[in-house]
Amino acid sequence: YGDDVILVDSIKENIFTKIINRIFHYAIGSDCAALQLKAVISAYRNKADIIFIHFMHIATVISFLRSINIIKKPVVALAHDAFSQRSTRLKVWKGVDKVLTLGETTLELARKKVDISQINCKYLDWGATISYYDKYYLNDKSNVKEKLIFSTGVANRDYTTLIEALRKVPDVK
């Protein structure tokens, strides 16, 4: 769409990053604190319009800095669960500008646990849920007309290799 994306997905591990990660882990329950700080620095250095975090679990430092107005850029984060860990607690959700849950079920579960009416959140319809597939296969096992592979995963997947490998599997779309 003509947008530039600056990817910050790794950081060289050294004694400095280990100390930063350890301090933030004990202080605010953060994992990958050094990576989050690198992302913030990169966002400002490259004049990014928004900071997007693909996994709420690694949003704690950015959420904290945004909540105390050190970070001025809007922050959007994906929540894969509803407050099941210290790193995905309500305070982290409140520290970002928009929370997108992966599926309606996660958002409904969050609403049942706490009042999230003040949080800008929506569910991101990324595809059918496991319950959908369970129901589909229980009701329609004999009528499957196409052979399909359903694959889930996380960031940094090598899609080119995956697609090329699947092309070599006969009768699979």
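Every value quoted in this text rests on a predicted model; they were computed, and no experiment measured them.
Side chains of T101 and L78 form no contact here, defined as non-hydrogen atoms less than 4.5 Å apart. I62 has its side chain out of reach of V96: every pair of non-hydrogen atoms, C-beta onward, lies at least 4.5 Å apart. Side-chain contact between L90 and I119 is present, with at least one heavy-atom pair separated by less than 4.5 Å.
Shown here are the side chain to side chain contact (heavy atoms under 4.5 Å, CB included) partners of I23, two or more places apart in sequence or in another chain: I19. Residues passing the side chain to side chain contact (heavy atoms under 4.5 Å, CB included) test with N120 are K98, sequence neighbours excluded. Every residue was checked against the side chain to side chain donor-acceptor pair (under 3.5 Å) condition with S10, not counting sequence neighbours, and none meets it. Listed by chain and number, the residues in a side chain to side chain contact (heavy atoms under 4.5 Å, CB included) with K18 are E13 (sequence neighbours excluded). Taking the side chain to side chain contact (heavy atoms under 4.5 Å, CB included) definition, one finds that T88 meets it with M56, H57, D81, S84, Q85, sequence neighbours left out. For the salt bridge (Lys or Arg N to Asp or Glu O under 4.0 Å) test, residues two or more places apart in sequence or in another chain that qualify with R66 are D97. Every residue two or more places apart in sequence or in another chain was checked for a salt bridge (Lys or Arg N to Asp or Glu O under 4.0 Å) with R22, and none qualifies.
K113 NZ: more than 12 foreign heavy atoms inside a 6.0 Å radius. More than 12 heavy atoms of other residues, nucleotides or ligands lie within 6.0 Å of CG in N14, so this atom counts as buried by the packing criterion.
Interatomic distance, OG of S63 versus CD1 of I58, reported as 13.0 Å (0.5 Å rounding). Atom CG of N46 is separated from atom CD1 of I41 by 11.5 Å, given to the nearest 0.5 angstrom. To the nearest 0.5 angstrom, D9 atom CG is 8.5 Å from H54 atom NE2. We find the SG-CG distance between C121 and L100 to be 9.0 Å, quoted to the nearest 0.5 Å. Annotation: the span from R89 atom CZ to T60 atom OG1 amounts to 7.0 Å, rounded to 0.5 Å.
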* Asked: Does the pair V40 and I71 meet the rule for a side chain to side chain contact (heavy atoms under 4.5 Å, CB included), with working shown?
  -> CA-CA 8 Å; V40 171; I71 294 176; 3.5 Å; yes
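Within the structure, no pair that satisfies the side chain to side chain donor-acceptor pair (under 3.5 Å) test touches residues 67-77, not counting sequence neighbours. Applying the ring pair (Phe, Tyr, Trp, His ring centres under 6.0 Å) definition to pairs two or more places apart or across chains, none involves residues 6-40. Applying the ring pair (Phe, Tyr, Trp, His ring centres under 6.0 Å) definition to pairs two or more places apart or across chains, those involving residues 85-105 are F83-W93. Within the structure, salt bridge (charged side-chain N to carboxylate O under 4.0 Å, His left out) pairs that include any residue of residues 35-54 do not occur (at least two apart or interchain).
Side-chain heavy atoms closer than 4.5 Å link hydrophobic residues (I, L, V, M, F, W, Y) into clusters, and following such links, even through other members, never connects L7 to L35. In the hydrophobic clustering of this structure, I15 does not group with I11; members are Ile, Leu, Val, Met, Phe, Trp, Tyr whose side-chain heavy atoms approach within less than 4.5 Å, directly or through other members. Both V92 and L65 are part of a single hydrophobic cluster, where members link through side-chain heavy atoms under 4.5 Å apart. Under the 4.5 Å side-chain heavy-atom criterion for ILVMFWY residues, a single connected hydrophobic cluster contains both I53 and I28. Under the 4.5 Å side-chain contact rule for hydrophobic residues, F55 and I6 do not share a cluster.
The two residues N21 and C32 come nearest to each other via the heavy atoms OD1-C, 3.6 Å. Residue K12 comes nearest to T17 through the heavy atom pair O-CG2, 3.4 Å, listed as atom of the first residue, atom of the second, then distance.
Checking each of I51, I50, V99 against V75 for a side chain to side chain contact (heavy atoms under 4.5 Å, CB included) leaves exactly one that passes, namely I51.
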